[in-house]
Structure formats: structure tokens, C-alpha cells
Amino acid sequence: MTNIVLFGKPGAGKGTQAEFLKEKYKLTHISTGDVFRFNLKNDTELGKQCKVFMDAGDLVPDELTTKMLIDEVNKHPDTNGILFDGYPRTLSQARDLDVFLESIGSKVAATIALEADDEILIQRLLERGKTSGRIDDQDEDKIRNRYQEYNEKTAPLMGYYEEQNKFHAVDGIGSIDEITKRLSTVIDSL
């Protein structure tokens, strides 16, 4: 089971790239955003809890996110591997993921960060917000708050995975094909 964590700031292209990578490597794609949107759209209890945080531009607390992701992984017992998109976002989540994967006889093979300049990403999100209907993509202050949250909580993951020799940074600027090739180079080297 090859498990890959794909992360980067909101707007870095994780979802777009995950679509290509899941097909190429026959992985199950689990997007935190998709799981959240499903719960929000269906007005589940978890969705209602998440909406409060998302509308404020904050990250959903670790406990809610981890429970959702573990439930989602458990729906795919026969997968070749999981492509985690947007999870883990904190050291606590990373440790919880390691413990969970170990309990099912697996592990994270690599983490790949899509890196890009904040100002470019802000413009991407504002543009996406025009059609996505996502409140958190329509307000530059909320976007900047999400980036501050990312820098404070997610950036430390780099060190955590570097210590395990599992961290890879990939330039997230360029054509979709160029970025896919960069990601594939990393995955093919595993």
C-alpha cells in the first residue's frame, strides 16, 4: 500500500494534481476538502460543525478532521494506496495518521509539498471564488488568514517528514503537465 501525502497552501493545485496522480498510480484519492464539502452539502452534524470554522476562514480542528479521514480510509480496505490531499495539516494529525496507518499495517511513503508564491495563490483563489460559491475563496482577508494558519500549523510538517526522509518539495507554478511531471518524478523514485 503506497500512501502519499500531497500538501500545499490553499490554491496550490493539490486537487487538480491529485486527479492525474490517482489515475496514473491507481491510488484512492481522499481530499479533505471533498469530504468537508460532502458533509456541508448534506448538512450532516459534522458538516454543521465544520461550517462554523470554514466560514471564519479557520482550519477545522484536528479531532473532527482526523475522524473524518479515518472513516474515509476505512471505506477502501483493498486500495493500492491512498493519496491524501489536504491531510495531515498539523503535527498532531500527522502523528495520528502514522498511528492509524501502523494499526492497519501501512505507513506514509512520501509527502510532497506543492510550493508557490502567496500572491499568485491569492489571485488563484479569488478567481476560483467567483465560480465555486465558497465564501472562504471570496475574501482576501480570509484567504490570508488561512495562509497564516497554514504557516503556523502546517509548515512544521516539513520538519517532521524531513526527519523521516519522506519530504519532497515541488515547484507548483507552471502548466498542469509540467507540475504533474515534477510530481511523477518524485513518486517514481519511491
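Side chains are part of it too, since the values below use all heavy atoms of this structure and drop only hydrogens, waters and symmetry mates. Residue indices begin at 1 and follow the sequence shown.
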Q. What's the spacing between T65 OG1 and I70 CD1 if we round to 0.5 Å?
A.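 Going from OG1 on T65 over to CD1 on I70, the span is 11.0 Å.
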Q.
Taking Y150's backbone N and O only, do any of them form a donor-acceptor pair with R89's side chain (distance below 3.5 Å, no angle check)?
A.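 No, the answer is negative, given that no donor and acceptor are paired below the 3.5 Å cut-off.
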Q. Atom OG in S92, atom CD in E63: separation rounded to 0.5 Å?
A.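 Answer rounded to 0.5 Å: 7.0 Å.
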(Q) Could you go through I4 and T111, starting from their C-alpha distance and side-chain angles, then the distance that decides it, and tell me whether this counts as side chain to side chain contact (heavy atoms under 4.5 Å, CB included)? (A) CA-CA 6 Å; I4 298 170; T111 60; over 6 Å; no
Q) CZ of F38: more than 12 outside heavy atoms within 6.0 angstrom? A)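 No - once you tally the heavy atoms of other residues, nucleotides and ligands closer than 6.0 Å, there are 12 at most.
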(Q) Check whether N80 reaches the backbone of K26 with its side chain - one donor and one acceptor, N or O, closer than 3.5 Å. (A)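 Yes; judged by distance alone, with no hydrogens or angles, the pair exists.
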Q. With D98, which residues qualify under salt bridge (Lys or Arg N to Asp or Glu O under 4.0 Å), at least two apart?
A.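 D98 satisfies salt bridge (Lys or Arg N to Asp or Glu O under 4.0 Å) with no other residue.
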Q | Worked verdict on F20 versus K24 for side chain to side chain contact (heavy atoms under 4.5 Å, CB included) | A | CA-CA 6 Å; F20 294 106; K24 182 173 182 175; over 6 Å; no
Q.
Under 4.0 Å between a side-chain nitrogen and a carboxylate oxygen: does that hold for D177 and K181?
A.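 Between K181 and D177 there is no salt bridge, as every charged N stays at least 4.0 Å from the carboxylate O atoms.
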Q. Under 4.0 Å between a Lys/Arg side-chain N and an Asp/Glu carboxylate O for E119 and R144?
A.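 Looking at E119 and R144, the cut-off is met.
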Q | Short side-chain to backbone donor-acceptor contact, Q138 and L125, under 3.5 Å | A |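 No: the side chain of Q138 does not pair with the backbone of L125.
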(Q) Would you say Q148 and E152 are linked by a side-chain donor-acceptor pair, where the criterion is simply a distance under 3.5 Å? (A)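 Side chains of E152 and Q148: pair found under 3.5 Å.
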Q. Where do L190 and A110 come nearest, in terms of heavy atoms and distance?
A.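 Minimum heavy-atom separation between L190 and A110: CD2-CB, 3.6 Å.
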(Q) Under a 3.5 Å distance rule, please check whether N3 uses its side chain to pair with a backbone N or O of A109 as donor and acceptor. (A)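 A pair under 3.5 Å: no.
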(Q) Once rounded to the nearest 0.5 Å, what's the spacing between atom NZ of K142 and atom CD of E149? (A)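 So the NZ of K142 and the CD of E149 are separated by 13.5 Å.
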Q: Drop me the distance from R128's CZ to D137's CG, to the nearest 0.5 angstrom.
A: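 CG of D137 is found 4.0 Å from CZ of R128.
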Q | Shortest non-hydrogen separation from R37 to S31 and the atoms involved | A |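 Between these two residues, the closest heavy atoms are NH2-OG, 4.4 Å.
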Q: For the pair L114 and L183, evaluate side chain to side chain contact (heavy atoms under 4.5 Å, CB included) and give the outcome as yes or no after the intermediate values.
A: CA-CA 9 Å; L114 285 171; L183 292 167; 4.1 Å; yes
Q | Interatomic spacing from NE2 in H168 to CD in E162 - rounded to 0.5 Å | A |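 Separation between the atoms: 10.5 Å.
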Q | Nearest non-hydrogen partners of L21 and S184, listed with the distance | A |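 Where L21 meets S184 most closely, the heavy atoms are CD2-OG, 4.2 Å.
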(Q) Determine whether K9 and E115 satisfy the following criterion, side chain to side chain contact (heavy atoms under 4.5 Å, CB included), listing intermediate values before the conclusion. (A) CA-CA 8 Å; K9 291 180 180 174; E115 297 186 338; over 6 Å; no
Q) Roughly how far, to the nearest 0.5 Å, is CD1 of I30 from CE of M68? A)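 With rounding to 0.5 Å, CE (M68) is 11.0 Å from CD1 (I30).
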(Q) Regarding T32 and D85, do their side chains bring together a donor and an acceptor under 3.5 Å, going by distance alone? (A)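 The answer is no; no qualifying pair exists.
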Q.
For V35, is there any backbone N or O sitting under 3.5 Å from a side-chain donor or acceptor partner on N39?
A.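 Yes: the side chain of N39 pairs with the backbone of V35.
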Q: Return yes if some donor-acceptor pair links the side-chain N/O of S189 with the main-chain N/O of V186 below 3.5 Å, else return no.
A: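 Yes: the side chain of S189 pairs with the backbone of V186.
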Q) Run the salt bridge (charged side-chain N to carboxylate O under 4.0 Å, His left out) check on K75 and D71 step by step: do they pass? A) CA-CA 7 Å; K75 293 177 185 176; D71 289 348; over 6 Å; no
In a table with atom names and distances, give each donor-acceptor pair under 3.5 Å that connects a side chain of residues 49-57 to protein atoms at least two apart or in another chain.
| from | atom 1 | to | atom 2 | distance (Å) |
| --- | --- | --- | --- | --- |
| K51 | NZ | D55 | OD2 | 2.5 |

Q. For the side chain of N145 and the backbone of D141, is there at least one donor-acceptor N/O pair under 3.5 Å apart?
A.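 It does not hold such a pair.
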Q) Going by atom types alone, do Y87 and T66 pair a side-chain donor with an acceptor below 3.5 Å? A)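 Yes, because at least one side-chain N or O of Y87 sits under 3.5 Å from a partner of the opposite role on T66.
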(Q) Is it the case that the side chain of D171 and the backbone of I173 share a donor-acceptor pair, with hydrogens and angles ignored and the cut-off at 3.5 Å? (A)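 Confirmed, D171 side chain pairs with I173 backbone.
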(Q) I'd like to know if the side chain of Y147 reaches the main chain of P10, judged simply by a donor and an acceptor atom lying under 3.5 Å from each other, with no hydrogens or angles considered. (A)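 At least one qualifying donor-acceptor pair exists.
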Q: Check whether any side-chain N or O of S106 sits under 3.5 Å from a backbone N or O of E102 as a donor-acceptor pair, and report yes or no.
A: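 No: the side chain of S106 does not pair with the backbone of E102.
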Q. Between the side chains of K22 and T28, does any donor sit under 3.5 Å from an acceptor?
A.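 Distance-only check fails for K22 and T28.
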Q) Where do A94 and P88 come nearest, in terms of heavy atoms and distance? A)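 A94 and P88 have their closest heavy atoms at N-CB, 3.4 Å.
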